Amino acid sequence: MIEAVGLTKRFGAKTAVDQLSFQVRPGHVTGFLGPNGSGKSTTMRMILGLDRPTSGHVTINGRPFRELPNAQRHVGALLDAKAVHGGRRARTHLLALAQLSGIPEKRVDEVLGVVGLQDVARQRTKAFSLGMGQRLGIAAALLGDPQVLLFDEPVNGLDPEGILWVRNLMRQLAAEGRTVFVSSHLMSEMALTADHLIVIGRGRLLADMGVQEFIAHNSAGFARVRVADSDRLGAQALGEALVKAGGQVLKEPDGALRVTGLTLPHVSDLAHEAGVRLWELSPHRASLEEAYMRLTQSAVEYTSTEDPRAELFEPEPLTVPAWEDEGAHQVSGPTAAAFYAPPPPGAAGAQPFLMPSRPGDLAGTATDPEDPR
Amino acid sequence: MSTAVLKSEWTKIRTVASTVWSLVSALVATVGISAALCWAIGATFDDLPQEQQATFDPTVMSFAGMTFGQLGMIVFGVLVVTSEYSSGMIRTSLAAVPRRGTLLLSKLAVATALALVVGLLTSFLSFFLGQAILGEHSIGIGEPNILRAVVGAGLYMALIALFSMGFATILRSAVLSLGILMPFFLMISNILSAFETTRKVSQWFPDQAGSKIMQTVPGTVETPYGPWTGLGIMVVWVLAAVLGGYLVLRKRDA
Ligand SMILES: Nc1ncnc2c1ncn2[C@@H]1O[C@H](COP(=O)(O)OP(=O)(O)OP(=O)(O)O)[C@@H](O)[C@H]1O
Ligand SMILES: [Mg+2]
């Protein structure tokens, strides 16, 4: 169990971590998410006593890391896979770490086997690829067979087989009742690995909840409706009926409709009443990535500036169909944001990124997540 | 300190290339340059002025190359510490064992012990080779004070290495540490000692005070301290550097 209370770290004028309080519980994989520079690594370094908090404190099983007796047997960490002396061989690197806490030499060979590095154990680590270095870092974290594990971007640079292996490893470690705290930028991977999420932006807590709950809170799903190609008038009629029933409708480039605000059975009923033949009526659940993007958009510090050539590659925009009256556009503005589509000309186009500026505004659909501000 | 951490530090120190080449160069430079200078002075001894002949110290002569050889010790001391920082290994180590004092003291103990072994090897080799070359102007190890000087020379090299380790722990940067220590011990300290007025200050420098231990013939230069006190002054410098390093490591983020 890791517990942070009011954790704050300033580097000069820069506040890297700001009043962060959270708990990481045993038996779960807890994902640690946040944009670049949001303070994830700094938080992890504070947990491990490498950086001293400006204020607040963080404990592992009730004690500050620096006061843990035989710390390596309780806590294992991969912070930076490159934090290895390149001139040393993989095995001696691990051996030196193992000897620190009197861990027997045979455990070194064990973990080398676990991470699949046994064949390169006697190579100097400077010749290691990114993924091999990452595996070596994971091996080091596992040395003491610890109850609490911290991994800072462990899948960075791993091949698909390696990513799958890390996912299973994390899940297995958690299933054994250990505390697993993992940061990553790969949302699809996190969605599969983590049970619980802690999301920060600009050093502050944005969300602390289960993965499913997080997605539900921070995104809106939609229904895709495709009317039979032959039935042009039908599409028009159905669109009108959907809007009248309170749904918001956007037209995809190939003619399919994205409907929000109505349940699937309701859409089906309306189509039936309008006598329209459907080729597709499918639910689209938002991904963790989408939910994450919506939550953190306002907290992103380092965004790329627009490349003028980018518009050459821009996909055909979604359009507001003719039957949507102007009034509906205003309402559907925030909803349109959910699809990352540029605004239709003249409609609700005030927000440059089509992102709500505050997480609380999210699409106005889901109940407000706890507003961090 | 604990045996576990000492073992780990020994594993680390023996598995990096810089340990070997820096220590070997300390030995080779000291022995080689000393031998060359002994040969040169032996060949021209009769041309020397009377007073220089009278105060000729064959022991000091056989350590003449140490001015350069000590650079190897400085490099060794600096790299042992800074390679941990430049590679990031210090964070990996501290994330495993958070007791910073233990970690630092164990590292310094292991590295200093190794430097002492190499230092003693160097001083004895240098002494015997130098005396063999000096021939009729040489002195035996059994004469008064000679063994003290030879053992002292080994201690001096180990202390220079330890001083460099402490200094590098404060600065954490190899370039910065070497950029200050090498010119200081190679030139600045020696140049300042060449002049009567500046010597008043420079005689208290660690290398000037410490090298008094190698002197067996009262020289032309008077110092307000004897050989052991001189070495003691050097030890005070070394302890100050180590303490400084410890405080920095304990206080600063790693
Ligand atoms: N030693 C330091 N000195 C000064 N500023 C620092 C230091 N370490 C981190 N920072 C700053 O603190 C902020 C948080 O950095 P941190 O590395 O914790 O972010 P992160 O969430 O891990 O980012 P990423 O996803 O890119 O790894 C950044 O703005 C960074 O510039
Ligand atoms: Mg980071």
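First the proteins, then the strands, lettered A, B, ... as listed; each starts at 1. Source: prediction; values computed, not measured.
Note that OG1 of Thr15(B) is 9.0 Å distant from CZ of Arg124(A), once rounded to the nearest 0.5 Å. Expressed to the nearest 0.5 Å, how far CZ of Arg91(B) lies from CG of Asp80(A) amounts to 6.0 Å. We find the NZ-OG1 distance between Lys12(B) and Thr92(A) to be 12.0 Å, quoted to the nearest 0.5 Å.
Contacts of residues 93-111 of chain A with chain B at a heavy-atom distance below 4.5 Å involve His93(A), Leu95(A), Ala96(A), Leu97(A), Gln99(A), Leu100(A), Ser101(A), Gly102(A), listed in sequence order.
The shortest heavy-atom contact between Ala96(B) and Ala71(A) is O-CB, 3.8 Å. Scanning all heavy atoms of the two residues, the minimum distance from Phe11(A) to Asp253(B) falls at CE2-OD2, 4.3 Å. The two residues Leu50(A) and Ala95(B) come nearest to each other via the heavy atoms CD2-N, 4.3 Å. Scanning both residues, Arg250(B) and Arg52(A), for their nearest heavy atoms gives O-NH2, 3.0 Å.
For Lys9(A), the part lying near chain B is the side chain, with the backbone staying farther off; criterion is any non-hydrogen pair under 4.5 Å.
For the options Glu9(B), Arg100(B), Arg99(B), Lys7(B), heavy-atom pairs under 4.5 Å to chain A are most numerous at Arg100(B). Ranking Gly88(B), Ser8(B), Ala4(B) against chain A, the residue ahead of the rest is Ser8(B), based on heavy-atom pairs under 4.5 Å.
Other residues, nucleotides and ligands contribute only 12 or fewer heavy atoms inside 6.0 Å of the CZ atom of Phe68(B). Atom CZ of Arg10(A) has 12 or fewer heavy atoms from other residues, nucleotides or ligands within 6.0 Å.
Listed by chain and number, the residues in a salt bridge (charged side-chain N to carboxylate O under 4.0 Å, His left out) with Arg88(A) amount to none (sequence neighbours excluded).
Side chains of His85(A) and Glu84(B) form no contact here, defined as non-hydrogen atoms less than 4.5 Å apart.
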